[in-house]
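Predicted, not measured: the structure shown is a model, and the values here were computed from it. Naming convention: chains lettered A, B, ... in sequence-line order (proteins, then strands); numbering from 1 in each chain.
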There are 2 protein chains.
Amino acid sequence: MRHELLRERLRERRWRITPQRRSVVEALSGPNLHLTAEEIFARARAVVPEISRATVYNTLRELVEMGELAEMQIGPGPALYDPNAVVHHHHLVCSGCGRIHDIHPLGVKHLYLREEDRDGFELQRVEVVFHGRCRACEESEDT
Amino acid sequence: MRHELLRERLRERRWRITPQRRSVVEALSGPNLHLTAEEIFARARAVVPEISRATVYNTLRELVEMGELAEMQIGPGPALYDPNAVVHHHHLVCSGCGRIHDIHPLGVKHLYLREEDRDGFELQRVEVVFHGRCRACEESEDT
DNA sequence: GTATATGCAAAGCATTTGCATTAAA
DNA sequence: TTTAATGCAAATGCTTTGCATATAC
């Protein structure tokens, strides 16, 4: 989420700025963030204690619809929200601790689908998820 | 799921063959299959009407744990089960109708993660999901 | 005969929705 | 002042679980 111009972009779309929404947006600032709705709720509640889960979910859905936030599903369990929606990127997931690293498309060489495999599809985007074990999990015991 | 040797592999693991489990396994035979638990339940019930959802879910979980079946999550909604678990492959999802095509790894050229992007991870596998619109959806109106 | 699988119904988790109240613009 | 956002609680959709009964081996 590009925070500098965010408020203006949201105002343009006639988004009312409330303390609740502000706390959700603030919870989503920082690098390499991949949070569940519950985690965002906890962070938002630390600032605005009366915020409800419903408002968090509503706000997240709206931000996703506006293209400001990316929602992703890594395996089962709750969805993850990635504020880094503007710059297209891929993910590297640790199967030990579940932590996720962003990978810029540059890290993926020649991701290309051959004509005969496209099967007439009009391609829109590609999602790549690398699964592995991070150094910390690799060094500790097996999980 | 390689059906020729499946019964033997399952017997080796002391899996009791019941009509219910057989109907679930039969529901999963066919090419390019990506079914929800509910769809598998419907197919199984057509053969064994007294089967319960719980048994379908239990059986699917067991097959996944045995490595005979792949479970995947494409966006929100129910998980999809892909019997083609032995041969590693990727997916092409139509954002119009939701239909999924298998893509063999050969269709993806040079999927490679640079050393400096690996960030110390020990890579295990890569999941690639192409999103697009199939010819049928492309030709009909916008969805 | 014994261990395991089954069906049922209830519980669980993540998320959405209806609605009366509150507050931003 | 008007229109939209909020909190609450109930409802939803998908999946798992506890337990008594039935059944494959």
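Atom CD of B:Glu62 and atom P of C:dT6 are 7 Å apart (whole Å). Nucleotide D:dT6 holds its P atom 10 Å from the CD1 atom of A:Ile17, rounded to whole Å. Distance A:Glu50 CD to D:dT6 C1': 11 Å, rounded to the nearest Å. Put simply, OH on B:Tyr57 is 15 Å from P on C:dG7, counting in whole angstrom units. Rounded to whole Å, atom C1' of C:dA3 lies 17 Å from atom CH2 of B:Trp15. Rounded to whole Å, the distance from CG on A:Asn58 to P on C:dT15 is 13 Å.
Ring geometry, A:His89 versus A:His104: the interplanar angle falls from 30° to 60°, so the pair is classed tilted.
Taking every side-chain heavy atom of B:Thr18 into account, D:dA24 is the closest of D:dT6, D:dA24, D:dT15. The B:Arg21 side chain lies nearest to C:dA5 when the options are C:dT15, C:dA5, D:dT15.
Using a 4.5 Å heavy-atom threshold, the side chains of B:Gln20 and B:Thr59 count as separate.
Using a cut-off of 4.0 Å between Lys/Arg side-chain N and Asp/Glu carboxylate O, A:Arg9 and A:Glu12 are scored as not salt-bridged.
Within 3.5 Å, no donor on the side chain of B:Arg61 pairs with an acceptor on the base of D:dT16, nor the reverse.
Applying the 4.0 Å criterion to OP1 and OP2 of D:dC8, one finds that A:Ser52 has every side-chain N and O outside that range. Taking side-chain N and O atoms only, A:Arg53 has no distance below 4.0 Å to OP1 or OP2 of D:dA9. Here B:Arg16 does not reach the OP1 or OP2 of C:dA3: none of its side-chain N or O atoms lies under 4.0 Å away.
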